[in-house]
Amino acid sequence: MKVQHRWDLFCHVVDNLGDIGVTWRLARQLAAEHQQQVRLFLDDFKAFAHIAPQVQLRAAEQNLAGVQIVPWARQAQATPGDVVVEMFGCHLSDAFIAQIGKASPQPVWLNLEHLSAEKWVDLHHLKPSPQSGGLMKYFYYPGFTDKSGGLLRESNLISQRDNWQMQPSAKRIALRALGLPPPPDHALTVLLFSYARQRLDGWLHTMAASERPVALWVCPGPVMTAINTWLDMTLQTGQITSRGSLSIYALPYIPQQRFDELLWAADVCIVRGEDSFVRAQWAAKPFVWHIYPQEDSAHDRKLDAFLDLYLNEADSELRDTVVHFWTAWNRGLDLAPAWLEFVSSLPALQRHALKWSRSLQTQADLASQLVDEVQQLASNRPSLAPAR
Ligand SMILES: Cc1cn([C@H]2C[C@H](O)[C@@H](COP(=O)(O)OP(=O)(O)O[C@H]3O[C@@H](C)[C@H](O)[C@@H](O)[C@H]3O)O2)c(=O)[nH]c1=O
């Protein structure tokens, strides 16, 4: 039987939406699917409001989707719960760490790390790290293998996706609800959620000149600058414009609970970071991962490690197609030749995406694994009490 614990998740937003994006998805799942009591300490409510518009920016405390949300600074007066999770190595205040040290029984303390397909992840997952004052912190690594901590996946996600895909009207209704004009008949639909990128001209020209109409849905963010330069105008949120066969639509922010529908509705997804990268895989769509750039080219190793896994069972033609386009995207090269190759392989890429998604589904999801691990770590400590 699952014990109900009091969880404290700590999220420091470094940049972008991924820190709160992953944390919010995990928090909601812990509360809704595992009946855990979740409190989320957060330092950037404006970033949060992009993906959860109902959030109040200045509330001292609020409850959303069964999660208690409090400003970061409140940790100074807070008593730790049964489980403390630092998201992505964000640092807790000394005052809160002192409270962890004083708590009896001591909370299970974890650092949930960034996602990587690199092999070392399996070796480091759940390793303890002794802290000063006799405290112990465990490192939790998400990942793609059975020895890693898994990927976030809601229990009904795949059935929801399949039901949605099977209803011919679902796409039309969703697009309307998302404020998207219906794309022209037989159009190729492309969702663009990437980092800033130069040299989009060749790609945009190629789409504008293609026989098949293309609808490009652009999420808010810095990539819009290069698109506006090419368009020679400033496309406002909610506005659409066309050049030849290409229509470009500037999307508003979409609540996280509806973000999947954009991926499900698109034929090709260009995603980034961690959460949208994982969601594109659950959407089972041909996709491109714009990886978060890191120092010392660490992102190249991460990208290669994922491609090795993702393409392990692909034939050499498909492998080349994916590698060419992903490399061109991530290295800032001209995209036109690799795009044409990619688009002409879409049926095979689609089959591959579905096969990959099915293979990932055999893994236990991250939240379930985390709850089980915490329960085990907690029960190895003689006196950790369930929530009162
Ligand atoms: C555009 C958009 C995004 N989202 C959500 C989906 C995701 O949960 C989140 C975006 O997160 P990601 O896809 O991870 O991309 P990101 O680039 O925003 O986040 C990145 O942040 C850096 C600090 C990390 O180091 C990176 O690894 C990565 O997490 O925003 C919406 O809910 N609605 C929207 O309209």
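Note that these values count all heavy atoms, side chains included, but never hydrogens, waters or copies made by symmetry. Indexing begins at 1, ligand by ligand and atom by atom, following the structure's order. Numbers here simply count residues along the sequence, with the first being 1.
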Fill in the blank from the handout: Near Gly21 (heavy-atom distance under 4.0 Å), the atoms of ligand 1 are 8 (O)
Practice task
Look only at interatomic distance and state if Val22 has a nitrogen or oxygen under 3.5 Å from any nitrogen or oxygen of ligand 1.
Solution key: no
Practice task
May I ask you to identify the nearest protein heavy atom to atom 35 (O) of ligand 1, giving residue, atom name and distance to one decimal place in Å?
Solution key: Ile254 N, 2.8 Å
Exercise for the section: Measure the CD1-CG distance between Ile270 and Leu216 for me, rounded to the nearest 0.5 Å. Expected result: 7.0 Å
Problem - Best match, Tyr292, Trp289, Trp24, Phe259: closest heavy atom to atom 26 (C) of ligand 1 - result: Tyr292
Practice task
Ignoring angles and geometry beyond distance, decide whether Tyr253 reaches within less than 3.5 Å of ligand 1 through its nitrogen or oxygen atoms.
Solution key: no
Practice task
Give yes if a backbone or side-chain nitrogen or oxygen of Arg272 is under 3.5 Å from a nitrogen or oxygen of ligand 1, and no if not.
Solution key: yes
Handout entry: Between Ser368 and Asp365, a side-chain donor and acceptor under 3.5 Å
Key = yes
Practice task
Decide whether Ser116 and Glu118 meet the rule of one side-chain donor and one side-chain acceptor closer than 3.5 Å.
Solution key: yes
Practice task
Apply ring-ring contact (aromatic ring centres under 6.0 Å, His included) to Phe45 and list each qualifying residue two or more places apart in sequence or on a separate chain.
Solution key: none
Problem - Parallel, tilted or perpendicular: rings of Trp326 and Phe287 (30°, 60°) - result: perpendicular
Problem - atom 23 (C) of ligand 1: nearest protein contact (heavy atom, Å) - result: Asp15 OD1, 2.8 Å
Problem - Heteroatom distance test (His50, ligand 1): nitrogen or oxygen, under 3.5 angstrom - result: no
Practice task
Tell me which protein heavy atom sits closest to atom 28 (C) of ligand 1, plus the residue, atom name and distance to 0.1 Å.
Solution key: Gly273 CA, 3.5 Å
Exercise for the section: Verify whether one side chain among Glu86 and His91 offers a donor that lies under 3.5 Å from an acceptor in the other. Expected result: no
Problem - ligand 1 contact on His114 by region, counting heavy-atom pairs under 4.0 Å - result: side chain
Completion exercise
Across all chains, not counting sequence neighbours, the ring-ring contact (aromatic ring centres under 6.0 Å, His included) partners of Trp24 are Phe48
Exercise for the section: Compute the shortest N/O to N/O distance between Tyr195 and ligand 1 and return yes if it is under 3.5 Å, no if not. Expected result: yes
Problem - Ligand-residue contact atoms, ligand 1 with Asp19, heavy atoms, under 4.0 Å - result: 23 (C)
Problem - Whether Ser357 side chain and Ala284 backbone form a donor-acceptor pair below 3.5 Å - result: no
Handout entry: Closest candidate by heavy atom, reference atom 8 (O) of ligand 1, pool Ile51, Leu192, Asp275
Key = Asp275
Problem - From Gln99 atom CD to Gln106 atom CD, the distance as rounded to the nearest 0.5 Å - result: 12.0 Å
Exercise for the section: Report yes if some N/O of Leu17 lies less than 3.5 Å from some N/O of ligand 1; otherwise report no. Expected result: yes
Handout entry: Protein heavy-atom partner closest to atom 11 (O) of ligand 1 - residue, atom, separation in Å
Key = Gly18 CA, 3.2 Å
Exercise for the section: Please indicate whether any nitrogen or oxygen in Ser276 is less than 3.5 Å from any nitrogen or oxygen in ligand 1. Expected result: yes
Handout entry: Polar atom proximity, Phe277 to ligand 1 (N or O, under 3.5 Å)
Key = no
Problem - Side chains of Cys219 and Leu192 in contact at under 4.5 Å (non-hydrogen atoms) - result: no
Exercise for the section: Of the side chain and backbone of Phe193, name the one, both, or neither that has a heavy atom under 4.0 Å from an atom of ligand 1. Expected result: side chain
Problem - Among Phe144, Tyr141, Trp120, Tyr140, the one residue meeting ring pair (Phe, Tyr, Trp, His ring centres under 6.0 Å) with His125 - result: Tyr140
